[in-house]
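Accompanying notes for the structure given below.
Count residues from 1 along the sequence.
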Amino acid sequence: MPYYQTWEEFARAAEQLYLTAPVKVRVVLKYRHCDGNLRIKVTDDAVCLQYKTDQAQDVKKIEKLHGKLMRLMVSKESGAMETD
């Protein structure tokens with residue numbers, strides 16, 4: 001499971017993975033204080049996308065992507081519940 005080198009590639013791939021299998025996708029954030037690393041993993045058990053950073057400026061980018069994925073999850077679920 002290699003890490004993506006650029007944020008833009010990772011964000012694009014993570015969003016695409018979510019859009020292809022919204023029910024299966026999980027997002028995991030992990031911070032290791034001893035290393036000062038923040039890791040984000042997006043997986044659907046078949047494909048695993050990972051990004052690691054130790055830069056404070058990347059935290060905002062991760063937070064923005066995480067919020068975007070959460071909004072997509074809520075909008076899909078609320079749309080499905082309205083039709084039932």
Taking only distance into account, with no hydrogens and no angle test, what donor-acceptor pairs under 3.5 Å do side-chain atoms of residues 56-67 form with protein atoms, sequence neighbours excluded?
| from | atom 1 | to | atom 2 | distance (Å) |
| --- | --- | --- | --- | --- |
| Asp58 | OD2 | Tyr51 | OH | 3.3 |
| Asp58 | OD2 | Thr53 | OG1 | 2.6 |

### Message
Going by the rule salt bridge (Lys or Arg N to Asp or Glu O under 4.0 Å), which residues pair with Arg26 if we only count those two or more places apart in sequence or in a different chain?
### Response
Asp45

### Query
Any donor-acceptor pair under 3.5 Å linking the side chain of Asp35 with the backbone of Asn37?
no

Could you give the side-chain donor-acceptor pairs of residues 1-10 under 3.5 Å, partners two or more places apart or in another chain?
| from | atom 1 | to | atom 2 | distance (Å) |
| --- | --- | --- | --- | --- |
| Tyr3 | OH | Arg39 | NH1 | 3.2 |
| Tyr3 | OH | Gln50 | OE1 | 3.4 |

### Task
Identify the two heavy atoms, one from Glu15 and one from Leu69, that lie closest to each other, and give their separation to 0.1 Å.
CA-CD2, 4.3 Å

### Task
Kindly work out whether a path of hydrophobic side-chain contacts (I/L/V/M/F/W/Y, heavy atoms less than 4.5 Å apart) joins Tyr31 to Leu29.
yes

### Query
Which distance, rounded to the nearest 0.5 Å, do you find between the CG of Leu49 and the NZ of Lys41?
10.5 Å

### Task
Please name the residue in the list Asp44, Thr43, Thr20 that meets the side chain to side chain contact (heavy atoms under 4.5 Å, CB included) test with Val25.
Asp44

